[in-house]
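A quick write-up on the structure given underneath.
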Amino acid sequence: MNVTKDIRYIGVNDHEIDLFEGMYIVPEGMAYNSYVIMDEKVAVMDTADRHFVQEWMGNLDAALEGRKPDYLIVQHMEPDHSSGIDAFMKAYPEAKVVATAKAFTMMKNFTGTDYSARGIVAKEGDKLELGSHTLNFVTAPMVHWPEVMFTYDSSDKVLFSADAFGKFGALDAEDEEGWACEARRYYFGIVGKYGAQVQAVLKKAATLDIQIICPLHGPVLNENLGYYLDLYNTWSSYGVETEGVAVFYTSVYGHTKEAAEYLAQKLQELGCPKVAVSDLARDDMAEAVEDAFRYGKIVLATTTYNADIFPFMKEFIEHLTERNFQNRKIGFIENGSWAPTAAKVMKGMLEGCKNTAFAETEVKILSAMTEENKAQIEQLAREML
Ligand SMILES: Cc1cc2nc3c(=O)[nH]c(=O)nc-3n(C[C@H](O)[C@H](O)[C@H](O)COP(=O)(O)O)c2cc1C
């Protein structure tokens, strides 16, 4: 696939992977993107995952049409992108590797080889001339690893954005939900903790004339870029993307579930624009985390469990606070059959979240929902609108 006249796609699709980054289910697989820029000098952008190095080298060889690459630009050292470095450096002994200083240290740690003798250390603002293409290096520390850099080709106005603007899903997979769904789950799962660092690199990107974004996962973005940039700005500033309420519950015997569903029904009856409900024990945790950051208001409904809270709710709240959850309104429904304490525990876990309000109405269920609880839930629904 040609990205532009001189930039060719040489990445690979992975349909064998079960858990991406060891924790995310990826029913549509993953793409490990790589690109080659054919100019007087030839530059290759990143490599691929270790299971696909041979395929990737084959794609590279075909794209080179007999030419030899001069540079391997390593923007990100995570093994799903850097496992082809050794093979590349062996196959092309004349080539040099370009990366940040931190990347060279990681390269030696991962490969056991010190490539600095064949290396060019890239710093913020450095340029690399290929002929008609000028590559400008933009550091992007902690998006989402410390060594990361973006590369801006000012000739074709292409931003190679490392893991930013990536998404789950192989490039040959159908994507009925559209880009945002699996890009949001990917962003809040993998990049979400580093909103401030994403904001910093978005500010730098705002000074560039970008016509195409080439990420390391997911499709090349070559139209309506404002849509993607706006979403990244909302996500990285912990803004509200969708008006509505997301309800998250855990329930062993169904009583807390019944209360959560009653709340959802009341919210809908009151005209709430969107209501999302997640069973934290059965639904994909990364989807639930995505929804918590997507909506401006959330309600947490859980059982007291051995004088603490149900494990899936505890894990969920830890996922939120670890990713700097903030700027939200939160309601609580607790259940307990002898000494309910869930609301207190949940509030204690969330009290450090910036600019976050707790709903006045708190629902306490003693095993099963009563008429009084229903009235409290209706009150909570009105408060959450
Ligand atoms: C294994 C287990 C431990 C529980 N621990 C407590 C507890 O420490 N304190 C309490 O008040 N209720 C406790 N409960 C009761 C639940 O909080 C809740 O009232 C009950 O499971 C009914 O809600 P559900 O139908 O949504 O599961 C426990 C329930 C289970 C199954």
Side-chain angles (χ1 to χ4, degrees), residues 23 25 185 188-189 244-270 272 274-323 325 328-353 356-385:
M23 62 190 282
I25 54 166
R185 184 169 75 101
F188 284 108
V245 178
V247 183
F248 304 95
Y249 72 86
T250 69
S251 182
V252 177
Y253 296 106
H255 300 88
T256 314
K257 175 181 177 183
E258 197 185 351
E261 289 174 342
Y262 186 75
L263 171 69
Q265 180 202 325
K266 290 301 155 194
L267 284 165
Q268 274 146 359
E269 286 169 10
L270 288 167
C272 180
K274 208 142 156 42
V275 182
V277 182
S278 300
D279 175 347
L280 294 175
R282 293 171 179 82
D283 295 340
D284 173 41
M285 186 59 82
E287 289 274 2
V289 170
E290 166 196 346
D291 274 351
F293 284 96
R294 175 177 184 178
Y295 297 93
K297 298 163 188 168
I298 69 171
V299 176
L300 306 177
T302 195
T303 52
T304 305
Y305 184 85
N306 299 339
D308 201 331
I309 59 174
F310 201 72
F312 287 108
M313 179 59 82
K314 176 165 274 189
E315 178 193 346
F316 176 63
I317 294 175
E318 283 165 354
H319 277 303
L320 301 188
T321 53
E322 192 231 333
R323 289 165 175 78
F325 192 68
R328 293 299 186 279
K329 181 169 184 178
I330 308 175
F332 299 95
I333 297 176
E334 68 170 348
N335 196 331
S337 292
W338 61 89
T341 184
K344 183 166 165 260
V345 171
M346 289 192 281
K347 286 198 289 190
M349 293 177 77
L350 290 157
E351 62 193 0
C353 294
T356 295
F358 292 163
E360 295 277 310
T361 312
E362 224 174 83
V363 182
K364 182 196 297 283
I365 299 171
L366 295 174
S367 306
M369 194 166 52
T370 62
E371 287 308 311
E372 189 195 347
N373 287 145
K374 284 185 178 178
Q376 287 170 343
I377 290 172
E378 286 160 32
Q379 173 62 26
L380 176 60
R382 277 190 291 276
E383 207 188 324
M384 294 304 285
L385 277 186

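Both ligands and their constituent atoms are indexed starting at 1 by order of listing. Counting from 1, the numbers follow the sequence of the chain as shown. Because only heavy atoms are used, hydrogens play no part in the values below, and waters and symmetry mates are left out as well, while side chains stay in.
Annotation for ligand 1: atoms under 4.0 Å from non-hydrogen atoms of A307 are 7 (C), 8 (O). Which parts of ligand 1 touch N306 is read off a 4.0 Å heavy-atom cut-off, strictly below it: atoms 3 (C), 4 (C), 5 (N), 6 (C), 7 (C), 8 (O). Under a 4.0 Å criterion applied to the non-hydrogen atoms of P340, ligand 1 contributes the atoms 11 (O). For ligand 1, the atoms lying closer than 4.0 Å to a non-hydrogen atom of A339 are 9 (N), 10 (C), 11 (O).
No donor-acceptor contact under 3.5 angstrom links the side chains of T304 and T341, judged on distance only. Judged by distance alone, the side chains of E383 and Q379 never bring a donor and an acceptor atom under 3.5 Å apart.
Nearest to atom 28 (C) of ligand 1 by heavy atom, out of T304, T303, T256, is T304. The closest heavy-atom contact to atom 23 (O) of ligand 1, among the options N335, T250, T341, comes from N335. For atom 2 (C) of ligand 1, the candidate residues are Y249, Y305, W338, Y253; the nearest heavy-atom contact is made by Y305.
Among all protein heavy atoms, the one lying closest to atom 25 (O) of ligand 1 is H255 ND1, 2.7 Å. The protein heavy-atom contact nearest to atom 10 (C) of ligand 1 is S337 N, 3.5 Å.
In E322, the CD atom is crowded: over 12 heavy atoms of neighbouring residues, nucleotides or ligands sit closer than 6.0 Å.
The one candidate from V289, I317, I298 that meets the side-chain contact (heavy atoms from CB on, under 4.5 Å) condition with F325 is I298.
Applying the ring-ring contact (aromatic ring centres under 6.0 Å, His included) definition to pairs two or more places apart or across chains, those involving residues 358-385 are F332-F358.
A cation-pi arrangement is present between K374 and Y262, with the terminal nitrogen or guanidinium carbon under 6.0 Å from the aromatic centre and inside a 45° cone about the axis.
One finds the CG atom of L380 at 5.5 Å from the CD1 atom of I333 (value rounded to the nearest 0.5 Å).
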